Trainee: 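Starting off with a structure, shown below.
Start at 1 with the first residue, then count along the sequence. Because the structure is predicted, anything quoted here is derived from the model rather than measured. Order of appearance sets the numbers: ligands from 1, and atoms from 1 within every ligand.
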Amino acid sequence: MMSSTSERVELSIVVPVYNEEQNLDYLFERLEAVVHNLKMSYEIVCINDGSRDDTLKYLIAHHERNPQIKVINLARNFGKEIALTAGLDYTTGNAVVPIDADLQDPPELIGQLIEKWREGYDVVYATRRSRQGESWLKRFTASAFYNIIDRMSLVHVPANTGDFRLLDRRVVEALKHVPERTRFMKGLFAWVGFKQTSVLFDREARHKGKTTWNYWKLWNFALDGIFSFSFIPLKMWSYVGLVVSFMSLLYASFLIIRTIIQGVDVPGYASLMVAILFLGGIQLITLGIVGEYIGRVYEEVKGRPIYLIRDLYGLPPHSNHPPRRGYTAEFPKEH
Ligand code: UDP
Ligand code: MG
């Protein structure tokens with residue numbers, strides 16, 4: 001399956017980058033110190049996710065200084081999950097470590113991840129013991145989200161765990177066979193299974209710049225996670241329907257009996273309005289939920305490639321990504 005043009009390395013580090021020009025120098029300084037100490041052959045695959053600042057210029061400069069720093073320049077901003085997918089598709093390492101560019105995930109932890117990997121684990125995730133520089137609301141919503149997804153989906157998505165983890169080559173190859181577009185990576189990493197363990201760390205605040213995640217984006221991200229890993233929102237309406245029908249039946253019997261005993265009763269505006277509004281509301285919610293799934297089915301059925309690549313620096317043009325997953329311009333410029 002591996003392409004023969006790319007030279008295999010022991011460790012691949014994958015960094016999705018979006019508007020991170022202020023962080024890159026410090027990021028590579030720390031990453032290079034870490035890989036230097038590890039004495040392993042390595043590559044650092046950076047994905048420029050359509051940055052609007054000078055991130056690409058900086059990345060190319062670093063690539064020219066150190067050819068082990070390789071760059072995938074996506075055609076536009078595809079979002080972190082897809083950028084990460086593109087990066088994973090291009091790695092060759094026996095161990096692969098996705099890491100954020102803003103240094104919230106300490107590169108120094110990679111040594112510990114590798115130790116666990118050498119003990120025989122396939123996935124070693126880094127779990128946050130604490131989160132610095134994040135508001136009370138962000139911490140609260142994050143923990144609520146992990147709780148909900150854990151209850152609703154069949155796979156166990158570990159709480160307080162981002163994308164910072166170590167993946168064995170086996171896992172990366174397995175992930176290549178997951179064709180879906182809604183790439184909720186935390187869920188996919190858990191879904192593949194394999195032998196998993198964790199290492200604890202303290203999550204620091206961003207080095208420079210600010211997060212691009214606002215609550216609306218996080219809310220949609222959470223919905224992606226829930227709808228692509230659980231059918232409960234779809235299924236529960238049958239039960240709600242059952243309960244409501246049963247209650248209506250009781251109420252109907254009550255009305256019939258009362259009419260028989262007391263005769264026709266004209267006033268009834270309140271109960272009518274309540275029933276109509278309540279049922280109307282439930283029907284709209286149900287339609288909305290069904291719509292969420294249909295929208296996702298439509299997205300998948302269109303079968304568009306998940307990402308488009310504009311340029312590659314230090315990587316072979318024809319990667320080993322699965323067909324119809326990513327697309328690289330037919331005649332990429334040689335860099
Ligand atoms: N990122 C990306 N594409 C995006 C948004 C973010 O590749 O559209 C990258 C970003 O450069 C960083 C990582 O994803 O390396 C995490 O982003 P951020 O720090 O904004 O998220 P948070 O730490 O708040 O979850
Ligand atoms: Mg961050």
Trainee: Counting each atom of ligand 1 from 1 as listed, which ones have a heavy atom of E20 under 4.0 Å away?
Mentor: 10 (C), 11 (O), 12 (C), 15 (O)
Trainee: Would you mind listing which atoms of ligand 1 come within a distance below 4.0 Å of any non-hydrogen atom of A101?
Mentor: 12 (C), 15 (O)
Trainee: Can you report which non-hydrogen protein atom sits closest to atom 16 (C) of ligand 1, along with the distance?
Mentor: D100 OD2, 3.4 Å
Trainee: Any ring pair (Phe, Tyr, Trp, His ring centres under 6.0 Å) involving residues 21-58? Give me the pairs, sequence neighbours left out, ordered by first then second residue.
Mentor: Y26-H207, F28-H62
Trainee: Between A83 and ligand 1, is there a nitrogen or oxygen pair with a distance under 3.5 Å?
Mentor: no
Trainee: Nearest 0.5 Å, please: how far is CG in L11 from CE in M40?
Mentor: 5.0 Å
Trainee: What are the protein N, O or S atoms, given as residue plus atom name, that sit under 2.8 Å from the Mg ion (ligand 2)?
Mentor: D102 OD2, Q104 OE1
Trainee: What are the atoms of ligand 1, with element, lying closer than 4.0 Å to any heavy atom of Q104?
Mentor: 19 (O), 22 (P), 23 (O)
Trainee: In terms of side-chain heavy atoms, does N23 have a donor or acceptor partner in D102 at a distance below 3.5 Å?
Mentor: no
Trainee: Given E81, K80, K217, which has its nearest heavy atom closest to atom 14 (O) of ligand 1?
Mentor: K80
Trainee: Would you tell me whether R169 and T91 have side-chain atoms, one donor and one acceptor, within less than 3.5 Å of each other?
Mentor: yes
Trainee: In terms of atom number and element, which parts of ligand 1 are under 4.0 angstrom from non-hydrogen atoms of G79?
Mentor: 3 (N), 8 (O)
